[in-house]
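Accompanying notes for the structure given below.
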Amino acid sequence: MLTLGALVGRAELELAFAGGIDAARYEPAGVAGLTTLTLAQLLEGEPQRRLEPGSLVLVTGLPFRLRGHAEVALETLLEQLALDRCAGLVVNATPAPHQPFPQAIRDLSSALAVPLLVTTAPLREWVRTRHRFQESRLSGAERRAAQLATLVQQMPTQLADPRAMQRIADWLARALHVQVLVSEPQRVLAASPATAAETLAPAIIHRSVGAATPEQHTRLITLAPAHGADTVLAVARTAPFDDADVRLLGQTAKLLGLLDQARREYRAAADASRAARRAAVELLLDAEVDKARRVMAPQAPGLLEPETARVFVIETPRTHRDAAARRCEAVTAGRALVIADPRAERRILVVQPIQVPARAAGRGSAVASDAYDTSGAGGTAALPGGSAGAFDLPGTSGVPAELARVVAALGADATLSGSGIYSMSLLADALKEAVAAQRFALHQPDALALSAHHTDLVGLLPPRDAQRWARNLLDPLMRHETQWEQMRETLASALAHPYTVAARRLHLHRNTVTRRVTRAAEALDVDFGTVADRIAVGLALELVTQREHPAGSATLDGAPPTLPALLAAPQVLAWADTLLHTARGDRRDLLTTATVWLTHDAHIEPTARALGLSEATVRSHLRALERHMARDFSSLNGLRDLQFSLHVVTGDLDVADSRGVLCPAT
């Protein structure tokens with residue numbers, strides 16, 4: 001990775017630290033990328049997104065003397081750079097004997113630890129530098145991936161291999177161009193080259209990098225500090241070590257630690273395996289599927305190759321969790337990823353990759369930004385979804401059956417819930433569904449909630465009629481292929497996230513997202529400020545873009561069905577009755593509160609006024625209803641299931657039908 005010091009040394013950039021800035025303090029800082037802003041953009045509050053850590057921000061067109069709005073905008077920008085951990089701020093200025101930054105800006109720079117720099121180079125040179133950043137990051141990532149892959153290949157087939165440590169030392173010496181020494185107090189375990197012991201012995205003896213020669217940069221790593229081991233990895237070279245080198249040294253030290261002692265070998269190997277699984281699951285939940293596959297490939301080749309998966313959640317007493325996780329690992333070996341959830345001390349997560357046709361994968365809900373007020377500007381509602389695909393229930397075979405047997409053996413305090421089949425990139429949504437289903441499991445005799453009956457309304461709708469209804473609703477957007485491709489991506493993201501977040505994900509400006517959503521609302525004759533219209537359009541989007549539909553459904557003749565007609569299906573009636581069953585037994589009138597809340601488009605204050613209750617009481621009722629239904633009302637999926645179940649069971653709530661028409665309950 002390039003550093004500020006390296007950039008200052010490039011003649012073509014004509015870059016220098018501003019006067020009064022401690023250059024030595026900031027020169028080692030790595031630079032991950034470049035963002036350019038004009039004065040006009042700065043005054044408009046750009047950038048309206050979070051910047052990547054390590055970014056260098058270049059501002060062009062600033063006046064020689066900063067005053068008024070420009071100075072305030074620059075102060076605001078500095079604060080954002082500090083929050084986003086950026087590398088520094090560069091101003092493009094003409095040469096002059098005076099400081100381009102006022103004292104207040106320099107004081108703020110010092111306080112926030114964001115260095116100020118000045119360049120006189122033309123913008124085209126910085127454009128070339130941006131490309132160099134990208135090339136440097138790509139080559140660095142490829143190099144690190146290759147190094148880690150090669151490091152894993154150094155693992156011996158047997159931990160007792162006497163030559164394994166020397167082979168790793170030789171590889172590390174070649175990979176980082178270093179001298180390597182692995183030693184105990186009494187002897188040298190490995191050295192590469194053979195003269196490395198003579199060079200590094202003084203540093204190891206004194207446990208100080210200062211003991212090496214001034215021309216050498218030295219690193220000392222104790223291989224197993226947690227066990228009081230005295231085995232040390234020492235490396236030295238003439239060039240400084242960057243962060244990637246240090247990380248590689250750390251990984252190598254872990255591997256060498258495995259070889260250091262038999263008992264520690266197996267314990268450390270197990271820890272490394274669990275860490276890899278945790279990392280893989282975390283990457284999957286962050287939609288970093290390719291990275292997760294690379295992490296797991298050495299341990300479980302092909303496990304994560306399917307494009308779809310299910311997520312299971314096991315809740316067990318904290319004291320039993322580790323033992324339960326080991327049992328789950330044993331019964332699902334080679335078929336699933338099992339980790340103890342680091343975010344919940346009672347929870348075990350199981351990810352089961354499943355090979356199914358791509359169109360059978362569903363899309364789950366995304367959480368809205370406000371817990372109980374999900375309307376208003378900014379697109380805070382979520383894209384509806386749910387899951388699709390078959391559910392293999394316990395009592396037969398497969399991962400769910402094995403997990404059910406483990407939970408049954410754990411006793412009454414353990415529960416198991418599961419999601420439907422989701423795309424690998426949407427496992428975060430699958431986890432939300434599984435966690436929501438966990439609340440159903442608490443009330444089941446067998447402590448299991450694995451059936452689509454609990455979670456997937458959309459799968460219960462008559463498929464052909466549902467497709468006809470959805471395509472009729474979205475017809476104004478689908479008439480032109482180019483418009484449809486653009487609108488469905490933008491609208492899906494804008495419904496799932498606040499507009500600012502959607503713009504960042506789509507690499508668009510927030511105003512562009514707003515304009516497209518506004519055009520979509522006009523074309524569909526809907527108002528996205530209302531919950532009913534957001535639910536209807538979101539449902540139609542999922543049916544058309546996510547759900548497998550019968551062949552020829554889009555060309556069926558005759559008038560399309562209405563949404564109330566779809567919801568009148570017997571299986572939907574049974575679903576709604578089950579969903580609201582426990583809530584109707586609550587002494588509080590939760591269903592009335594929810595009906596009035598949805599009638600007021602999920603706004604708390606007018607709901608409280610209409611009911612003559614306090615806002616705190618309304619929120620309390622909604623939280624209680626969430627627990628009864630195992631739904632998250634901050635997502636559009638949760639709102640959809642609430643609205644439809646109330647419409648079906650109570651008949652007191654209308655639903656929006658094609659293009660903004662409200663259909664009364666029957």
Side-chain angles (χ1 to χ4, degrees), residues 225-227 254 266-288 292 295-296 299-300 309-333 335-352 364-367 371 394 399-400 402-419 422 427-444 446-450 454-455 623-624 626-635 638:
H227 301 283
K254 290 179 184 178
Y266 294 109
R267 186 182 302 122
D271 290 344
S273 176
R274 283 192 289 273
R277 290 195 298 274
R278 282 197 301 272
V281 172
E282 292 294 339
L283 288 169
L284 289 173
L285 294 177
D286 288 337
E288 299 284 0
V295 168
M296 285 306 299
Q299 294 192 26
R310 294 179 68 182
V311 174
F312 298 93
V313 171
I314 295 175
E315 293 275 358
T316 187
R318 179 181 56 81
T319 54
H320 299 159
R321 185 177 75 163
D322 291 343
R326 288 193 293 269
R327 293 181 64 180
C328 292
E329 290 172 10
V331 300
T332 64
R335 294 177 292 166
L337 280 177
V338 179
I339 68 164
D341 190 347
R343 295 169 294 273
E345 61 181 13
R346 289 171 44 87
R347 184 179 298 165
I348 299 169
L349 302 184
V350 182
V351 177
Q352 179 198 6
S365 63
V367 178
V399 169
E402 299 286 1
L403 296 177
R405 282 190 279 271
V406 170
V407 168
L410 290 173
D413 292 331
T415 58
L416 169 65
S417 63
S419 74
Y422 279 71
L427 280 199
D429 295 332
L431 176 59
K432 291 177 185 175
E433 181 179 313
V435 171
Q438 185 68 216
R439 294 178 231 176
F440 272 113
L442 293 171
H443 304 290
Q444 303 303 311
D446 55 3
L448 306 179
L450 299 177
H454 292 300
T455 56
R623 282 194 293 269
E626 278 188 318
R627 290 191 292 271
H628 282 295
M629 296 177 61
R631 291 298 185 269
D632 178 6
F633 296 163
S634 67
S635 72

Pairs involving residues 318-333, ordered by first then second residue, that meet side chain to side chain donor-acceptor pair (under 3.5 Å) (sequence neighbours left out): Arg277-Glu329

Evaluate the side-chain proximity of [Y] to [X]: yes if any heavy-atom separation is below 4.5 Å, no if none is.
{"X": "Lys432", "Y": "Ser635", "answer": "no"}
{"X": "Glu626", "Y": "Asp632", "answer": "yes"}
{"X": "Val406", "Y": "Leu410", "answer": "yes"}

Minimum heavy-atom distance [X]-[Y], with the two atoms named:
{"X": "Ala279", "Y": "Val295", "answer": "CB-CG1, 4.5 Å"}
{"X": "Ala434", "Y": "Ser417", "answer": "O-OG, 2.6 Å"}
{"X": "Ile348", "Y": "Ala324", "answer": "CD1-CB, 3.7 Å"}
{"X": "Phe312", "Y": "Gly418", "answer": "CD2-CA, 3.8 Å"}
{"X": "Leu427", "Y": "Leu285", "answer": "O-CD2, 3.7 Å"}
{"X": "Met296", "Y": "Ala280", "answer": "CG-CB, 3.4 Å"}

Basic-acidic side-chain contact under 4.0 Å: Glu315, Arg347: yes

Qualifying residue, where the test is side-chain contact (heavy atoms from CB on, under 4.5 Å) with Leu431 and the options are Val281, Leu349, Leu284: Leu349

Which residues share a side-chain hydrogen bond (donor to acceptor under 3.5 Å, both in side chains) with Glu288, sequence neighbours left out: none

Results of side-chain hydrogen bond (donor to acceptor under 3.5 Å, both in side chains) for Gln299 - residues two or more places apart only: Ser273

Ser419 side chain to Arg310 backbone, donor-acceptor under 3.5 Å: no

